[in-house]
Amino acid sequence: MSDAQIAYSYSRASELDLAAGLLGLSTSGGFTPSGLVARPHFFSGVLTNAAPAAAALIGLADVAKTRYFDLRAVTFMRDPVVTCNGDRLRFESFSACGGVYARLDVLQQALDGDVVEVGTTNVDVNVPLRRALARVGGTDPLHLAVGDDEVVATTLDGAVVEKKVPLPERWLRGFAEVQVIASRFDLRASLGRAEAVKFVRDLPKRGVLWAVPAGRSLRLAARPTPGAVCLAGPERLAVLAPLLRFATGLRVYGPLVEGGLPMASAWELELPGMRFTLTLSPEPRRGFSGEGAVLDDLNGDTVADDADLVGALLRFEPRLDADLLAEQSGLTRARVGAALTRLGTGGRVGYDVAEAAHFHRELPYDAGRVLAMNPRLKSALDLVERGAVRFTGPGVAQVNERTVRLTPGAAPTCTCPWWIDYRGSRGPCKHVLAAQKVASLAEVTA
């Protein structure tokens, strides 16, 4: 399947007028509670900490145009996504290689103004705007408008700024995978300002390392120990360097260490009234799109209907309460979790490691397309349709020439090269998915 194109249509280019202290971000193709809006208007007010916000917006743009395993310049850049959740603005971008997810959360204490509407859109970040943002300094506040008000919009004669850029499949799938992977993270370390600055500035350029808590800071090691966080490709944290002068601390998140295999991690730089978070894939050459974290939930029999039910309850909340969603929907907590995964594949939810909660947003991408382009899931369903799965005993299946074991209380295993190479660390293989589907359909007790 070839890459699609994403078309941005803006009524004007985003601009920063330093003399007047005005930052106007133009919007394109947004979702609100009332549906799709061509150019929504979300916020108008004062950005009370302008300099760190400007530097962080540049950081988001830098991530979007970088291919970290191949640092040759990228000739195109996807514009950041912004969601207004009422009490905050969330700006998100993904690297060109799909291995780094960046998010800037501008929290309520950094905003002083009026929320016009909640919802999600893209915002124009152009080269002149980036140059102007680089000149923002000092402590002066900056007036921020996310979208034009209706009066201004009606004076415009159609779109005057249009962009078309590639929308790679791996980029779409990365948005689906990263929210599931991040939901398995816990806080592993919290550094003060001085320790955070020293740690980031002293990072080596390359390698797969492990950050181990040591007193009030972190030390780097070649091998993992309990409580360590993988730092694969420390050069990918270089985007934090220009933000260090504003930093108040650094929080580090990761999953439990399992063996010595590289793992994903999240690095959250605390800024005045804001958080700038980088989530890194397990290796610089690995994008999030191939991690397979969503496959177990997407393979369930009821997940599509459950996702429709849960999705109807979402109202652009900044924090989704899974227990409340279970109560409102009548589903179990586990089924709500699977439904959120399904919604994540369509860009309808993200995950905030700082608050250990999902949040609602609506990326302008088709959930069905993301599902259809997942090669392992497609291959598994094809195996089921061809009758290639045959159970030879309780929890033991032959899938073509491969043997799959579904053992209660343990991870599934398979004799295929994929499972031997990754041992489940990149999600189930197509044979396990096919066996699980047949076991579910036939009510086989594994």
Side-chain angles (χ1 to χ4, degrees), residues 8 10-12 14-17 20-54 56-57 60 79-93 103-125 129 133 136 140-154 156 271-277 311-321 324-325 343 347-352 354-355 357-364:
Y8 302 120
Y10 298 107
S11 59
R12 62 180 65 198
S14 294
E15 292 182 328
L16 171 59
D17 185 339
L22 299 174
L23 172 59
L25 298 178
S26 292
T27 62
S28 172
F31 287 87
T32 71
S34 59
L36 180 63
V37 179
R39 297 176 194 93
H41 183 206
F42 287 154
F43 178 80
S44 180
V46 173
L47 193 61
T48 59
N49 292 290
L57 286 172
L60 283 173
D79 285 338
V81 172
V82 61
T83 299
C84 180
N85 287 124
D87 68 341
R88 70 195 67 191
L89 295 170
R90 300 183 193 266
F91 296 83
E92 300 174 85
S93 70
R103 192 178 74 246
L104 169 65
D105 297 326
V106 183
L107 306 175
Q108 192 168 26
Q109 55 265 43
L111 298 169
D112 184 8
D114 297 322
V115 173
V116 181
E117 182 64 280
V118 294
T120 307
T121 187
N122 291 101
V123 290
D124 172 48
V125 176
L129 177 67
L133 288 171
V136 174
D140 291 340
L142 191 66
H143 188 275
L144 170 66
V146 181
D148 293 321
D149 62 38
E150 188 174 345
V151 174
V152 173
T154 55
L156 299 169
L271 304 170
M274 289 166 272
R275 299 191 293 256
F276 187 86
T277 306
L313 299 172
L314 304 183
R315 295 292 184 271
F316 287 97
E317 297 91 341
R319 292 172 298 279
L320 296 178
D321 185 331
L324 178 59
L325 288 173
L343 292 168
R348 300 194 62 192
V349 298
Y351 190 81
D352 188 340
E355 300 190 3
H358 290 86
F359 60 88
H360 180 203
R361 48 110 150 96
E362 296 277 352
L363 298 184

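Counting from 1, the numbers follow the sequence of the chain as shown.
Partners of Glu355 according to the side-chain hydrogen bond (donor to acceptor under 3.5 Å, both in side chains) rule, which considers only residues two or more places apart in sequence or in another chain, are Arg88, Arg275, Arg319. Residues passing the side-chain hydrogen bond (donor to acceptor under 3.5 Å, both in side chains) test with Thr83, sequence neighbours excluded: Thr120. Taking the side-chain hydrogen bond (donor to acceptor under 3.5 Å, both in side chains) definition, one finds that Arg348 meets it with Glu362, sequence neighbours left out. For Asp124, the side-chain hydrogen bond (donor to acceptor under 3.5 Å, both in side chains) test picks out Asn126, Lys163, with sequence neighbours left out. Qualifying salt bridge (Lys or Arg N to Asp or Glu O under 4.0 Å) partners for Arg103, counting only residues two or more places apart in sequence or in other chains: Asp105, Asp352.
Note: Phe43 CZ to Leu89 CG = 6.5 Å, rounded to the nearest 0.5 Å. Taken to the nearest 0.5 Å, the CG atom of Leu142 stands 11.0 Å off from the CG atom of Asn49. The structure places OG1 of Thr27 at 11.0 Å from CZ of Arg12, a figure rounded to the nearest 0.5 Å. Put simply, OH on Tyr10 and CG on Asp148 are 12.5 Å apart, with the number rounded to the nearest 0.5 Å. With values rounded to the nearest 0.5 angstrom, Glu317 atom CD is found 7.5 Å from Leu325 atom CG. Between the CZ atom in Arg315 and the CG atom in Leu320 there is a gap of 12.0 Å [rounded to 0.5 Å].
Between His360 and Phe316, the ring-plane angle classifies as parallel under the 30° and 60° cut-offs.
At least one side-chain heavy atom of Val106 sits under 4.5 Å from a side-chain heavy atom of Leu47. In this structure, Val146 and Cys84 have side chains that are not in contact, with every pair of non-hydrogen atoms separated by 4.5 Å or more. Two residues are said to be in side-chain contact when any heavy atoms from C-beta on lie closer than 4.5 Å; Leu104 and Met274 meet this criterion. Val82 has its side chain within reach of Thr121: a pair of non-hydrogen atoms, C-beta onward, lies under 4.5 Å apart. By the 4.5 Å heavy-atom criterion applied to side chains, Leu314 and Leu343 are counted as neighbours. Proximity of Glu15 to Ser26: side-chain heavy atoms (C-beta onward) are nowhere separated by under 4.5 Å.
Across every non-hydrogen atom of Phe91 and Leu60, the tightest pair is CB-CD1, 3.3 Å. Across Pro80 and Val125, no two heavy atoms sit closer than the pair CD-CG2, 3.6 Å. The nearest pair of heavy atoms linking Gly273 to Ala110 is O-CB, 3.5 Å. Considering all non-hydrogen atoms of both residues, Val123 and Asp79 come closest at O-CB, 3.1 Å. Considering all non-hydrogen atoms of both residues, Val115 and Gly86 come closest at CG2-O, 3.2 Å.
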With a 3.5 Å cut-off and sequence neighbours excluded, list the donor-acceptor pairs that the side chains of residues 28-38 form with protein atoms.
residue : atom : partner : partner atom : Å
Ser28   : OG   : Ser9    : N            : 2.9
Ser28   : OG   : Ser9    : O            : 3.2
Thr32   : OG1  : Ser34   : N            : 3.2
Thr32   : OG1  : Ser34   : OG           : 2.9
Thr32   : OG1  : Gly35   : O            : 3.2

